[in-house]
There are 2 protein chains.
Amino acid sequence: MGFMGNKKVQKLPSIRRMPTYLHKLTQMRKNGLDTVSTTIMARYMNLEPIVVRKDLELTGVTGQPGVGYKIKDLIDAIKSFLNWHNTAEAVLIGAGSLGRALLGYEGFEDYGLNIIAAFDADPSKIGSEIHDREVFDIIRLPELASRLQVNMGILCVPNEYAQGSADMMIEGGINAIWNFTNVSLDVPEHVVVQREVIASGLAVLSVKLNQRIMEE
Amino acid sequence: MGFMGNKKVQKLPSIRRMPTYLHKLTQMRKNGLDTVSTTIMARYMNLEPIVVRKDLELTGVTGQPGVGYKIKDLIDAIKSFLNWHNTAEAVLIGAGSLGRALLGYEGFEDYGLNIIAAFDADPSKIGSEIHDREVFDIIRLPELASRLQVNMGILCVPNEYAQGSADMMIEGGINAIWNFTNVSLDVPEHVVVQREVIASGLAVLSVKLNQRIMEE
DNA sequence: AAAATATAGATAAAAAAATATCGATACTCT
DNA sequence: AGAGTATCGATATTTTTTTATCTATATTTT
């Protein structure tokens, strides 16, 4: 039973906020700004300044007391913290509606992610192009993943095919899986999985709504 | 400046796991099972049993020492904890690729969410139907939201229209916003927002991958 | 130039979440 | 029937995360 192997990543909440900092900082730089303080940043992001300071501390960047941080430094520090300087190539498995949406999302470039091909089992999709990416027969996944030297896979297939598709990815040498299915994958130790559960956010929203209503 | 008003929701990590419990439990019930233990559940979800027990405790459900929990009880308890017994109706704003994907996602029914209409500013989309939901002119959002008595809005517009769209929703009486844009919304105190940042998961995956590589 | 204000960084405190331990209960197998 | 095992629930502990406080530094205002 080869699972449970992933060591725990710490400071998850801070890590999750990094892309938003990055987005805002990039915007600021475009607007000609050079420095920013935690106070300003906090206001933009609806956070407490102390949270921002702690988050940024994580990237190792150092600001100037009385002044703030250099925006350029911050951007670089966050990118290298996330290793988003070096573009990662990924393949996407499952060209359904979510898969299509992800293929169409242009923001990934900014995050150092480049989806180079898609795979599906549906003959009507195989051979077609979706947002400029060719859709290959899923049978060819191990072969192509290995030949293309990809090490990230984005999994958007129906639940029942999740584990099988993951196995094929791993066979093809992929060691990072972004898992949008409703299945906890069983993977060897060297493979890293990030599961995305869309309904989690809805659950949180529901609870927030409940609690608010109950109080008033 | 009316923000920062939302009281903090606690046990967020547990809440985020609820939909996954629910999904797995529903599946188990379909397979004819009646009871489940935290050990089994933990194995399915790649968690420690103690985590599962603590999570379930939150729903108020009570199990039987030596036996486990009744699956039916758990399902009910989780649903009522999330208030997913009573279906919530929502409108979706922004019928781009992400909006379409969400309109096409059938799992929402299980989560007590019913998207009843979509809105967009693009004349070529207005009047069309996407996955059986009509797309209305965004101008009509306040009027229709109020007439349809909806209180949840799913926001999928480009960043620059986010705040404006949110304002229209609120004008139409919506008090829960599921925000898929890259913008922190400024909303009155009685409105609850849940922001979904797709790149957050990618950031976490990147860090996991980094840490693994660095160690070996 | 002096006073007031804003800032990061270091350290400390508080709160929350994750994990462990232990006793009582039920089931399983001999 | 009895021994062994699995389970929950309650309580306690540890770890992690969040938040606060204080000091030195820079900027702005008077």
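Owing to the predicted nature of the structure, the values given are computational and were not obtained by experimental measurement. Lettering follows sequence order; numbering is per chain, from 1.
Note: B:Thr35 OG1 to B:Met28 CE = 9.5 Å, rounded to the nearest 0.5 Å. Atom CD of B:Glu89 and atom CG of B:Leu148 lie 8.0 Å apart (nearest 0.5 Å). Distance check, rounded to the nearest 0.5 Å: CD of A:Gln163 to CG of A:Asn179 gives 9.5 Å.
Near DNA chain D, meaning a heavy atom under 4.0 Å away, the residues from residues 11-32 of chain A are A:Lys11, A:Pro13.
Between the CD atom of B:Glu48 and the C1' atom of D:dT14 there is a distance of 15 Å, rounded to whole Å. Atom CD in B:Gln10 sits roughly 16 Å away from atom P in D:dT17 (whole-Å rounding). Regarding B:Asp55, its CG atom lies at a distance of 11 Å from the P atom of C:dT19, rounded to whole Å.
By the 6.0 Å contact criterion, CD on A:Gln149 is open, its count of non-hydrogen atoms from other residues, nucleotides or ligands being 12 or less. The number of heavy-atom neighbours closer than 6.0 Å to CD of B:Glu109, taken from other residues, nucleotides and ligands shown, is 12 or below.
Taking the six-membered ring for Trp and thresholds of 30 and 60 degrees, A:Trp178 and A:Phe108 have ring planes more than 60 degrees apart, a perpendicular arrangement.
B:Lys30 and B:Gln27 form no side-chain donor-acceptor contact under 3.5 Å, judged by distance and modelled atom types alone.
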Inset, instruction - If a protein heavy atom is under 4.0 Å from the base, mark B; if only from the sugar-phosphate, S; if neither, -; do that for nucleotides 4-10 of chain C going 5' to 3'. - result: --BBBB-

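Residue B:Lys8 places at least one side-chain N or O closer than 4.0 Å to OP1 or OP2 of D:dT19.
Considering all non-hydrogen atoms of both residues, B:Phe81 and A:Asn210 come closest at O-ND2, 3.6 Å.
Partner assigned to D:dT30 is C:dA1, using Watson-Crick or G-U wobble distances below 3.5 angstrom.
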